[in-house]
Number of protein chains: 2
Amino acid sequence: MIREFDSLVSTGTPLEVLKAKCATCSMHQLCLPMGLDNDDMDRLDQIIGRRRKVTRGSTLFRIGDPFQNLYAIRLGHFKAYQVNRDGVEQITGFQMAGELLGMDAISTDLHHCTAVALEDSEVCEVPFGSLQQLLADMPALLRHFHRMMSQEITREQSVMLLLGNMQATQRFAAFLVNLSSRYEARGYSPHTFQLRMSREEIGNYLGLTIESISRLLSKFKKEGLLRVSNREIELLDPVRLKAITAGTHSCN
Amino acid sequence: MIREFDSLVSTGTPLEVLKAKCATCSMHQLCLPMGLDNDDMDRLDQIIGRRRKVTRGSTLFRIGDPFQNLYAIRLGHFKAYQVNRDGVEQITGFQMAGELLGMDAISTDLHHCTAVALEDSEVCEVPFGSLQQLLADMPALLRHFHRMMSQEITREQSVMLLLGNMQATQRFAAFLVNLSSRYEARGYSPHTFQLRMSREEIGNYLGLTIESISRLLSKFKKEGLLRVSNREIELLDPVRLKAITAGTHSCN
DNA sequence: CGGACCTTTGAGTATTTTCAAATGCGGTGG
DNA sequence: CCACCGCATTTGAAAATACTCAAAGGTCCG
């Protein structure tokens, strides 16, 4: 990687672009280029379109938009939501750096959800046509791409489990534990983190109302499970939190 | 297709195997070989392992099983469920002929759900290693495989919407409408069909109790929306059923 | 400092669950 | 052929969880 760094600098590549290469991206162990050698990573870099900034609250793509690109999140957080025929939103996921947005659009070439940045973020545009050509040529990339799609299927199944037969307390505990482990996987503290989404968004995602979320936060606080200050969360008893996730038995 | 049929017969291929070829399978317009030309379909046929019968109630694969094969359903119905740490089941989907089972296992090489036949069924074993090699070589197959995975993501998102912010009545209506359209896509009557799953399984899938399902059936029956006799269902007013799916407003 | 917005908390309500009992269906054996 | 048994389903009544509505309290930002 050092070698590559040098060669890029020597050819006068602007620093902007340099920083944006997969090889130097802190997410390359989680993201699409995971496990690729340097040559393959270069080829992936070459098909990636723009590295785009998405400001807080702005929309990356919208339901019904034609599908052109997948988006790899370099930095920041997103929410993805579906909309009922009633116009009611249902958030289907919160995505963070290293995760891929837009995979649900492959089936019909139209986006099935809307993706909105929860904070100022950056994404890599991955033109899907080009990616598919590359996939045929790079078994490692093919394998990992399939893993990422499969992982999304698995994640959604877990949410179905959560929504289908967990109580409010369990759901919220599971939500916190999930965030915690994802931050840990990214090298951040699993105990202290900022919620990037509002109480309302959490409630929407978990199939609960904003009031329920607020009450659950108060309850967990009172029980010494966590400390909250606005969106700053500190998990004080991850073990018990995980236990609550498992069953209703331990939560009164 | 006729030509192929002839050539197979002339080479003395047993009828058993003949019937099992993708080209002669009634599901090839929905299943993996969708859109493939005859040559490509042959290549796909060649990697397919066994065409296996799965008797009612028996398990195709189980959570934690090592992942070897995807399974294309030729005939019959399956349920796929996850299990909580409590041992509580959550059915994540009901699959029918033409659909693919096991895609959630790609991410970790372990199955994340258990698949059980709801009636005597038949599946084609698709060894995933071989499939991946083929994918690199057959753009059309690659494309369709991605569509199928993406479709599964989309389907699960719809279930999240259903579980996250629909009421019991809406959920059950949505369930019936969904079954109806899938039978229609397979050339069966969209109005009259047999439920292959018990009331309990429906309830589990929809995040409701068996009693609620029973009550909803009675309610719909009383409102002239459908006729029920055991597992035989006749939808009498699909339009109103769809309307109920959309919003709570029209159902008292 | 003021205002908009988000969050918290309380009280009453509603939907769905739980628990219990009755009904119906299919299969088995007298 | 009919009675009986087991199992799935239906129905009823009480209970619980989470929601709705309302108001108060905080926080952020101009």
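Chain letters run A, B, ... following the sequence lines, proteins first, then strands; residues in each count from 1.
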[X] [atom1] - [N] [atom2] separation (whole Å):
| X | N | atom1 | atom2 | value |
| --- | --- | --- | --- | --- |
| A:K221 | C:dT7 | NZ | P | 13 Å |
| B:I213 | C:dT17 | CD1 | C1' | 13 Å |
| A:L195 | C:dC6 | CG | C1' | 14 Å |
| B:I210 | D:dT11 | CD1 | C1' | 12 Å |
| B:L217 | D:dA8 | CG | C1' | 13 Å |
| A:N165 | D:dA18 | CG | P | 13 Å |
| A:E232 | C:dT7 | CD | P | 15 Å |
| B:N204 | C:dT17 | CG | C1' | 15 Å |

Determine whether the side chains of A:E89 and A:Q82 contain a donor N or O and an acceptor N or O closer than 3.5 Å.
->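 No, no side-chain donor-acceptor pair sits under 3.5 Å.
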
Shortest non-hydrogen contact between B:S58 and B:V54, atoms and distance |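 Of all heavy-atom pairs spanning B:S58 and B:V54, the closest is OG-CG1, 3.2 Å.
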
Is the count of non-hydrogen atoms from other residues, nucleotides or ligands lying under 6.0 Å from B:E122 atom CD greater than 12?
->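 Yes, the 6.0 Å shell around CD holds more than 12 heavy atoms from other groups.
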
Does atom CZ of A:R52 have more than 12 heavy-atom neighbours, drawn from other residues, nucleotides or ligands, at distances under 6.0 Å?
->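 Yes, the 6.0 Å shell around CZ holds more than 12 heavy atoms from other groups.
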
Ring centers of A:F172, A:F220 separated by less than 6.0 Å =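 Centroid separation for A:F172 and A:F220: below 6.0 Å.
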
How does each nucleotide of nucleotides 19-30 of chain D score, in 5' to 3' order, for protein heavy atoms under 4.0 Å: base (B), sugar-phosphate only (S), or none (-)?
-> SBB-----SS--

Can you tell me if the side-chain N/O atoms of B:S218 get under 4.0 Å from OP1 or OP2 in D:dT11?
->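 Result: yes.
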
Apply the test ring-ring contact (aromatic ring centres under 6.0 Å, His included) to residues A:Y71 and A:F78: give CA-CA distance (whole Å), side-chain angles for both, the deciding distance (0.1 Å), then the verdict.
-> CA-CA 11 Å; A:Y71 296 93; A:F78 284 80; 8.5 Å; no

Identify whether any heavy atom of A:S198 sits under 4.0 Å from a base atom; if not, whether one sits that close to sugar-phosphate; answer base, sugar-phosphate or nothing.
->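 Since only primed, P, OP1 and OP2 atoms lie under 4.0 Å of A:S198, the category is sugar-phosphate.
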
